[in-house]
Each structure stands twice: as structure tokens, then as C-alpha cells.
Amino acid sequence: MKTVFLESHNIKNKYSGFGQFNYHLIKGLASVKPADLDIVLHAKDTDSLRSEFGEVFRYKKYRSITRHKPFRIKKRYNLWHCLNQNIKIEPFHEIPYLLTVHDIHFITEGSEGLQEKLKGKFREKLDRVSAITYISEFAKKDCHAHFDVPDVPEFVIYNGNTITDTSIPEDYSPPTFPEKPFLYSIGDFSPRKNFKTLVAMLTHLPDYNLVLSGSDHSVYASELRQMVRELNLENRVLLTGKVEDTEKKFYLKHCEAFVFPSHREGFGIPPIEAMRFGKPVFISNNTSLPEIGGEHAFYWDHYEPEYMKDVFMKGMHDFHENRAFYEEWYIQRAKSFNWTNTAREYLKVYQQILS
């Protein structure tokens with residue numbers, strides 16, 4: 001029996017982007033895994049994975065010391081799948097190696113020294129790959145634009161939608177409750193997510209509040225809070241911090257629209273999650289977002305506040321004029337991104353490499 005090792009230790013941060021990818025891919029693989037393939041999950045908390053997935057997989061406990069070259073994992077698996085481009089855990093031996101590239105944001109973020117270090121680590125991965133999967137056509141194009149990609153098989157496999165069940169307990173009320181119609185967004189508070197432009201736009205939208213969710217302990221978050229104070233919007237811009245599924249679903253279900261002015265996305269799951277609730281989505285016209293949002297999302301070409309307000313107001317008018325059409329289109333668009341289908345595509349890649 002052939003054995004595939006999933007370097008999946010990022011599942012420890014289950015509500016981060018990589019954590020969500022790890023968990024939902026594993027969950028999809030559990031539903032379609034062939035009996036003649038042995039898949040090993042690499043994680044810190046193997047007990048919780050074993051309690052959920054039982055004997056579908058085998059498990060190897062993550063140890064941080066294996067980041068260092070002399071202590072790398074020495075077992076010769078038939079295939080090693082590195083689940084994102086930033087992982088520091090590598091196999092000791094030269095064995096078949098699949099790399100999933102989500103994005104290469106590191107080429108522009110952080111100090112110049114950090115950028116060069118991460119570029120070097122990524123080139124090392126490219127030097128050992130047997131095949132590469134990308135989560136969007138943009139991620140593939142961007143990788144080729146900045147790196148010498150080896151002549152190996154390459155595949156684009158879209159992520160699935162993490163929200164399949166839209167139900168919420170009837171008596172549920174979130175800790176942070178906006179009192180008037182609100183716009184919603186979610187993501188790490190970083191310059192790339194561009195949340196400050198939403199705060200500036202809100203000065204032109206007096207009938208709306210803004211709810212922002214995500215890890216908000218950063219320099220950018222502090223700057224955003226200062227901006228909110230200076231604009232006297234403390235009662236209208238609500239920061240929830242990280243949210244779990246029920247709270248996130250509440251905001252997606254009850255918001256007037258989902259707003260996502262990100263500068264750069266390898267894929268962009270949050271707009272798809274919002275579409276699952278039939279919500280209009282307003283997103284940046286750049287990187288992977290048009291690829292994911294499709295023809296009936298609403299797009300910002302730049303971020304001047306009054307222009308953003310105009311795009312928003314026109315989009316909301318169009319949405320309400322033909323609400324049934326838009327809601328159905330959004331829901332079907334979201335359903336087309338399915339983790340079971342994603343898992344099947346990864347299994348095809350495994351089999352191609354193993355054969």
C-alpha cells in the first residue's frame with residue numbers, strides 16, 4: 001500500500017486561513033479516500049483528529065525539533081505533501097514531493113531581509129518538487145512571474161467553501177451586536193486586507209455600521225482604531241476579534257453586504273462564504289478575486305472613499321432591483337466550490353505522482 005504524508009501541522013490554528021485549508025481538505029479526503037491508499041496526518045493534537053476521523057488515517061505527532069535539518073523526519077514515505085508554501089518541516093530524504101502554493105505574499109511583506117530569507121526557503125522547495133498544486137490561476141501566474149518554476153506537472157485546484165450548513169440557533173445572539181444595518185468583513189488586520197478604506201468609506205454611508213472580525217492584535221489594528229477615534233466612528237465600527245463558526249455565520253446571515261477591499265489574495269474564501277448566504281459581495285478588482293467572485297460580484301478598481309461609496313450604492317441598487325436572481329446566483333456560485341470535489345482532485349494528483 002502506498003503511503004502519503006500530509007505535512008498538516010498548521011491545523012493547530014484551526015481558524016486561520018492555513019488551518020481552515022488543512023482541516024477541510026482532510027475532512028474532504030476522509031469522505032473519498034480509497035482503501036488502497038495510506039494517508040498520514042502530521043499534527044500536534046493527534047488525539048482530536050483521531051477522535052473525529054478514527055482509522056481513516058494514520059497519525060504522526062508533530063515535534064518542533066523536526067524543523068531543524070539534522071532532526072528532519074527520516075521515514076521514506078511514497079509521497080510527501082507540503083500543504084502550504086511557508087512550512088518549515090521538510091523530509092530528510094529526497095522523496096516524491098508535492099507542494100501546494102496558496103500565495104507568495106512574502107515577496108512584498110515584511111522587511112527586505114525577511115523577504116529574501118523567505119524567497120530562499122521557497123526556492124529550496126521548488127528545487128525538490130515533483131509536482132505543484134495552486135489554489136487559483138492567479139497564484140500560478142504570480143509564482144511564475146517571480147520565480148523560476150521547474151518543469152514539473154502543475155495543477156490548479158480551487159479550495160472548497162468552508163460553510164455548507166447556514167443554520168444558526170434561533171436564540172443565538174453574538175457578543176458584539178450592531179444596532180443598525182451593517183456591512184461585514186473578516187480577515188487578519190494587516191495592510192494587505194486594507195480595512196482602513198472601509199472605515200473611510202463609512203464616513204459617506206451614515207445609514208450603516210461596519211463589523212470587522214479577525215485577529216486584531218497588530219500595528220495595523222492599532223492604526224485602524226486610532227483612525228476610528230479620529231473620525232468619531234467608535235459607535236459605528238465594531239471590532240469583534242477572532243470569531244468561531246456560529247458567530248461568523250450570524251454576521252454573514254444578517255449583514256447587508258460583505259465588503260472585502262483586499263490588495264492581494266491567493267484565493268479568498270470569505271467572499272464565497274458570504275455568497276453562500278446570498279449576500280452581495282463588494283471586492284477588489286485584483287489578483288485572484290475576480291476569478292473567485294465571478295461576473296456578478298461588485299468590484300472596486302481603486303479605494304478613494306467617495307468612489308467606493310458610489311460603487312457600493314449602485315451595487316446595492318442593482319442587487320435589490322433583481323434580488324431573487326442575485327441571491328440564487330450567489331448561492332449556486334458558493335456551492336460550486338466544494339471540498340469533496342477538491343479532495344478528489346488532490347487524490348488524482350497523488351495517484352498521478354505515485355504511478
Side-chain angles (χ1 to χ4, degrees), residues 15-17 103 105-106 108-112 114-115 174-244 247-248 250-252 254-266 268-271 273-274 279-289 293 297-316:
Y15 294 102
S16 68
D103 57 64
H105 301 328
F106 55 82
T108 59
E109 295 181 346
S111 67
E112 186 174 335
L114 178 61
Q115 289 174 20
T176 303
F177 193 93
E179 295 181 355
K180 65 168 66 173
F182 67 96
L183 313 180
Y184 185 56
S185 195
I186 185 171
D188 289 335
F189 282 61
S190 67
R192 177 164 57 87
K193 295 301 183 182
N194 202 23
F195 285 157
K196 289 181 186 177
T197 62
L198 298 176
V199 175
M201 180 181 70
L202 204 67
T203 63
H204 300 279
L205 294 170
D207 296 329
Y208 293 92
N209 281 347
L210 173 65
V211 177
L212 299 174
S213 296
S215 179
D216 57 359
H217 300 291
S218 64
V219 172
Y220 187 82
S222 298
E223 293 172 351
L224 187 142
R225 289 189 179 94
Q226 178 63 29
M227 180 181 182
V228 168
R229 288 191 293 269
E230 291 173 355
L231 294 173
N232 296 314
L233 295 174
E234 291 97 328
N235 295 325
R236 295 181 54 208
V237 179
L238 310 175
L239 277 58
T240 69
K242 290 183 179 180
V243 291
E244 295 193 359
E247 189 175 353
K248 178 172 69 172
F250 177 92
Y251 293 128
L252 289 171
H254 293 283
C255 69
E256 297 297 308
F258 185 80
V259 287
F260 200 68
S262 178
H263 286 304
R264 188 180 181 89
E265 293 292 325
I269 285 179
E273 293 178 330
K279 297 297 178 176
V281 295
F282 293 82
I283 55 182
S284 299
N285 191 16
N286 64 39
T287 63
S288 69
L289 290 171
F298 302 104
Y299 294 96
W300 288 305
D301 294 321
H302 61 84
Y303 307 106
E304 191 278 322
E306 195 157 357
Y307 158 79
M308 290 181 70
K309 179 266 295 184
D310 290 341
V311 171
F312 174 77
M313 294 301 292
K314 182 180 185 305
M316 292 302 289

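Along the sequence shown, the residues carry numbers beginning at 1.
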Notebook entry, point to check: Any donor and acceptor pair, going by atom type alone, linking the side chain of Y220 with main-chain N or O of R192 inside 3.5 Å?
Noted result: no
Notebook entry, point to check: What closest approach, in Å, do L198 and S185 show between heavy atoms, and which atom pair accounts for it?
Noted result: CD1-CB, 4.1 Å
Next item on the list: Would you mind checking if E179 and R236 are paired as a salt bridge, meaning a charged N to carboxylate O distance below 4.0 Å?
Entry: no
Item checked: Carboxylate-amine/guanidinium proximity below 4.0 Å for R225 and E234 -> no
Notebook entry, point to check: Taking side chain as C-beta onward, heavy atoms only, is P191 less than 4.5 Å from H263?
Noted result: no
Check: Are S284 and S262 close enough that a side-chain donor and a side-chain acceptor fall under 3.5 Å?
Finding: no
Item checked: Shortest non-hydrogen separation from L289 to Y299 and the atoms involved -> O-OH, 4.0 Å
Notebook entry, point to check: Between CD1 of I186 and OG of S215, what distance do you get to the nearest 0.5 Å?
Noted result: 11.0 Å
Margin query: Could you walk me through whether L224 and L212 satisfy the side-chain contact (heavy atoms from CB on, under 4.5 Å) test, starting with their C-alpha distance in whole Å, then the side-chain angles of each, then the deciding distance to 0.1 Å, before giving a yes or no?
Written below: CA-CA 11 Å; L224 187 142; L212 299 174; 4.2 Å; yes
Next item on the list: Quick one: closest heavy-atom pair of G214 and T240, and the distance?
Entry: N-OG1, 4.5 Å
Notebook entry, point to check: H254 and F177: aromatic ring centres closer than 6.0 Å?
Noted result: no
Note to self: For P178 versus V211, what's the shortest heavy-atom pair and its separation?
What the structure shows: CG-CG2, 3.9 Å
Check: Going through the distances and angles, do L210 and F195 end up as a side-chain contact (heavy atoms from CB on, under 4.5 Å)?
Finding: CA-CA 10 Å; L210 173 65; F195 285 157; over 6 Å; no
Check: Relative to the ring of Y184, is the ring of F182 parallel (under 30°), tilted (30 to 60°) or perpendicular (over 60°)?
Finding: perpendicular
Next item on the list: Please name the pair of heavy atoms, one in P206 and one in K180, separated by the smallest distance, quoted to 0.1 Å.
Entry: O-NZ, 3.1 Å
Item checked: Nearest atoms (heavy-atom pairs only) where I283 meets P271 -> CG2-CG, 4.0 Å
Notebook entry, point to check: Can you say whether the rings of F298 and F282 are parallel (under 30°), tilted (30 to 60°) or perpendicular (over 60°)?
Noted result: parallel
Notebook entry, point to check: Is there a donor-acceptor pair under 3.5 Å between the side chain of K279 and the backbone N or O of C255?
Noted result: yes
Item checked: Greater than 12 external heavy atoms within 6.0 Å of K242's NZ -> no
Next item on the list: Taking S218 for its side chain and S190 for its backbone only, find out whether a donor-acceptor pair lies under 3.5 Å.
Entry: no
Margin query: Is it true that, when you exclude N235 itself, more than 12 heavy atoms of the residues, nucleotides or ligands shown sit nearer than 6.0 Å to its CG?
Written below: no
